Amino acid sequence: MDRFDPRGRVNRALLVGVSEYDHKKPAEPDGVPGDLPAVRHNLERLEDVLRRGGLFGEDGITVRSSPSLDEFSEELRTAAHRAEGLLLCYFAGHGAVPSAGNELFLQMRNARVVAGGQAVFPGAEAFTGMLTVLAGSPAERIVVILDCCYAGNAAKVWHDFTDRRQGILLLMSVQANRLIDSGDGERETPFTEELVRLLDSDGESSLLDLFKQVRGAMARAHRATTLGDPWEPQFAGEPDTDVLLGVAREGEPAPSPGPTDGSGGSVPGGGPKGPRPHLLSRALTAGLARLRGRAGAVVRWFGGLRGRVRVTVGALLVLALALAGLELGGHALIGSGDGRSCAPPLELRLLTDPELEPTVRAAADAYLVSDANTTGHGCRRTGITVYSAGASSVITALRRQADAWQDPLRGDTDTNPQRDVGPQPDVWIPASGADVARAVTGQTDLRSVVFDPDPEPFAYSPVVLAVPQDLAGDGLDERVGLPLSRLTADLSRRDRNARVLRPDPELTDSALLATIGLYGGGTAAPRNAEQGVRSTGPPPPTAAELLCALPADRAADRRTAALVPEFLLRSGVDCARRIRVRRTAEYPDDVPALTPTFVRVRWEDGDRDAEARDDAAKRFRAWLTGEGGRAAFGAAGFRHATSPGHPLLDDQHVGAGVLRLPSPLPGRAEQAAMETALEGYRNSRGPGRVLYLLDSSGSMHGKWPGPSGGPGILRQSLSELGPRDEYGVWAVYDTAGDRGYEALLPFEHHRRAEAERVLDAGARVRDAEADPHAALLAALEYMDRRGTDDERPRLIVYITDDEDNNRLTGGNLEEVLARAGRVKVPVVMVSLVSGSCDRGRADARIAEASGGRCLDAGDNPGRGLREEIARVGTEEE
């Protein structure tokens, strides 16, 4: 065990607590839930304990109460720069996560929440950005302690972070995707109260010691999250890595430990004389399931991996078991109520469509605590990790990349479904049963993956045209039984300024099914049909995000219809309280319906626990397709797959503009129709033209190497371009003649391998600054001259660290904005630091003016850029 002893080093602690917020609900709809008075006590107690602990000098502790984001960012950089031994960073306040759950935002005093299917969080620090700053510190060991809702989501961010995570350890107050109680405000929050009590003791203790002790204390106190499940602090760190945080203090009596549980742990407040074994067993069993599920994608892949990958993952699983307080060798330390033991539950990996993810996640959560998933001894049988990925990416991965999914260490490193989609699924729930046939057709890795789909779907939701109520048809004959083309024509007659929008068909099945109707089953030209649903910038990724974006423009909201799944009109979306215009569902008869289907997925060499995994999947399937699953999906607004009518309400008009029994209801999709629509959509957008600008100034030195560096992100996105596309790369830096750039890759057609060879040979960091003002003006002018004689899509991509954005202010910025607005070539601003896409920042304004997109370090810029390139490129099949 590498336990770092910081005594005698230059150590620094940054304690940040946000107890007061500028923007709060209900006064401000985009505010945070409220103030957190308990956090003031957190800072006072923790500072006192650390100052008496002897590890930090007189000026070694910085305390900041309710800082703004800018103030926090500056303090973080200062602390990171000054620490040489131990750097301890503590945050208490509101935490927030996007719908995908793949990032954690720490909300500072000026935080707001811009709601949507994929909400954004101005005034909040993305944890990826915080890790990026910490990774540049000279400190030998870095400890981050988070006391906030969703704190456990930081573990996934840490596992996905590649720059320098070896010396960074995380102690998180709660498991991922959980809200927690902030206390009564008269004393510390529950987690920090236990933490400082344990720190304020005489004797040595390490971070791992504290983690296990505080976890045990929370279990003994029967603390629960807002969902009612056990409140379980989490830990993330490299194996065998620890740091000393508590040291013996001479001449100071140890505080009274109070009653004990018989194993050295005190019972807070003299509570029960010992743990309640039955409840504690279930709590730790559930906690281990989440630890296996949340501790990182690598651990979740365990059941299907092989060879050296499985050996490595096995070592990580051993660590996970140790951290959960269990001993190996087949025996759990904690017994159930009748003296028996609870083994760690097997974790199923469940992949689904982004549109279905909230409903599937809610159903899985209900199953986890159901009697169907609990043994007679109170043990949980199965855990479930739910995640989603773009529907087209999933089909491609299952059809042609199963080998790479199985073993990412072999073959082309740019093809990595585990990175781009997620872990190998045990269960796949596509939004359309036709997706299984799409995945099987043309499948190249026939031995790597096998599908076992149910013959029938278990839920049903038609895709509807959600029309503003003032523009909707009056009678049933104007809302049901007509093709989509007729419904949109009628809408235009009622208001010639009316428009129709649809999400991205690459990402969700509901949008692809809507596209079938837009193209009239092959009778309409895709390019002309796409002009009718063109949006400013890229199409929203999901229908929920589309509905949430409309209220931002009141006039557009009143005249815009949206092609969305019916269930969203019944269950609502995250921004439901902000939606100004109510919409009425019209039911096109040529748009197939969503038909979620249960698919068991088996992987080659994944047979070590095949029987147990099959049994777990079978149990979940029985629950999901039975009464429990029907109730969960019905509550979300889905219809029964085989029974007519709406599952919940009985009257003819069931509210929110949804009809109880529209007739005829559209049927399920056919494979050929989906493939034809997707091909037409892709062809309507390409071949494309893409000009990359790669910041090659000296400041990019730390953002250059590896797959998350500037060249790595660019190189990965080339996979979305084919030989019919034209593209080129400029290196942006001050060059002779003040041109501001040098052409690395000529703008023409390329074979990918040749393009990569040229970039590998020529791309390098220069001893110079960059001038983004000059480079962007030149790029906009260059692309304006290419495309005047056709409708081929065009795109400019600027990958930068924003270090030289001081040249992109005032008149320079206004000049770029004006040209971007005139030329109308979308610009994707890809920043390798967090916060660059906050409202009002230069990158965000340029992307908005051009109709493009802004991506920063908090947005998974590699994946986001591939999505943008895929919209204009024509990848060769």
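Count residues from 1 along the sequence. It should be emphasised that the depicted structure is a prediction, and the values quoted were computed from it without experimental measurement.
Under the salt bridge (Lys or Arg N to Asp or Glu O under 4.0 Å) criterion, Arg223 pairs with no residue, sequence neighbours left out. Looking at residues two or more places apart in sequence or on another chain, you find no side chain to side chain donor-acceptor pair (under 3.5 Å) involving Arg863. Considering only residues two or more places apart in sequence or on other chains, Ala616 meets the side chain to side chain contact (heavy atoms under 4.5 Å, CB included) condition with Leu346, Leu348, Thr382. Under the rule for a side chain to side chain donor-acceptor pair (under 3.5 Å), Asp509 has no partner lying at least two apart in sequence or in another chain. Annotation: side chain to side chain donor-acceptor pair (under 3.5 Å) contacts of Ser432 (sequence neighbours excluded): none. A search for side chain to side chain contact (heavy atoms under 4.5 Å, CB included) contacts involving Pro565 returns Glu355, Ser461, Ser510, Ala543, Phe567, Leu568, Leu594, not counting sequence neighbours. Qualifying salt bridge (Lys or Arg N to Asp or Glu O under 4.0 Å) partners for Asp504, counting only residues two or more places apart in sequence or in other chains: Arg871. Under the side chain to side chain donor-acceptor pair (under 3.5 Å) criterion, Thr625 pairs with no residue at all, not counting sequence neighbours. Residues satisfying the salt bridge (Lys or Arg N to Asp or Glu O under 4.0 Å) criterion with Asp614, sequence neighbours excluded, are Arg600, Arg602. Partners of Ala364 by side chain to side chain contact (heavy atoms under 4.5 Å, CB included), not counting sequence neighbours, listed by chain and number: Ile384, Val386.
Within the structure, every pair that satisfies the salt bridge (charged side-chain N to carboxylate O under 4.0 Å, His left out) test and touches residues 427-436, not counting sequence neighbours, is listed here: Asp435-Arg438. Identified under the ring pair (Phe, Tyr, Trp, His ring centres under 6.0 Å) test for residues 351-374, with sequence neighbours left out: Tyr367-Phe620, Tyr367-Trp623.
Checked against Phe191 for a side-chain contact (heavy atoms from CB on, under 4.5 Å), the options Asp181, Asp147, Ile180, Val174 give a single hit: Asp147. When Leu169, Leu171, Leu134 are each tested for a side-chain contact (heavy atoms from CB on, under 4.5 Å) with Val144, only one passes: Leu134. For the side-chain contact (heavy atoms from CB on, under 4.5 Å) with Leu350, the lone residue among Val601, Asp426, Val360 that qualifies is Val360.
Rounded to the nearest 0.5 Å, atoms CH2 (Trp231) and OG1 (Thr225) are 9.0 Å apart.
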**Request:** Check the pair Thr597 / Val436 against side chain to side chain contact (heavy atoms under 4.5 Å, CB included), numbers first and verdict last.
**Result:** CA-CA 9 Å; Thr597 303; Val436 180; 5.6 Å; no
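Between the side chains of Thr352 and Glu357, no donor-acceptor pair of N or O atoms lies under 3.5 Å.
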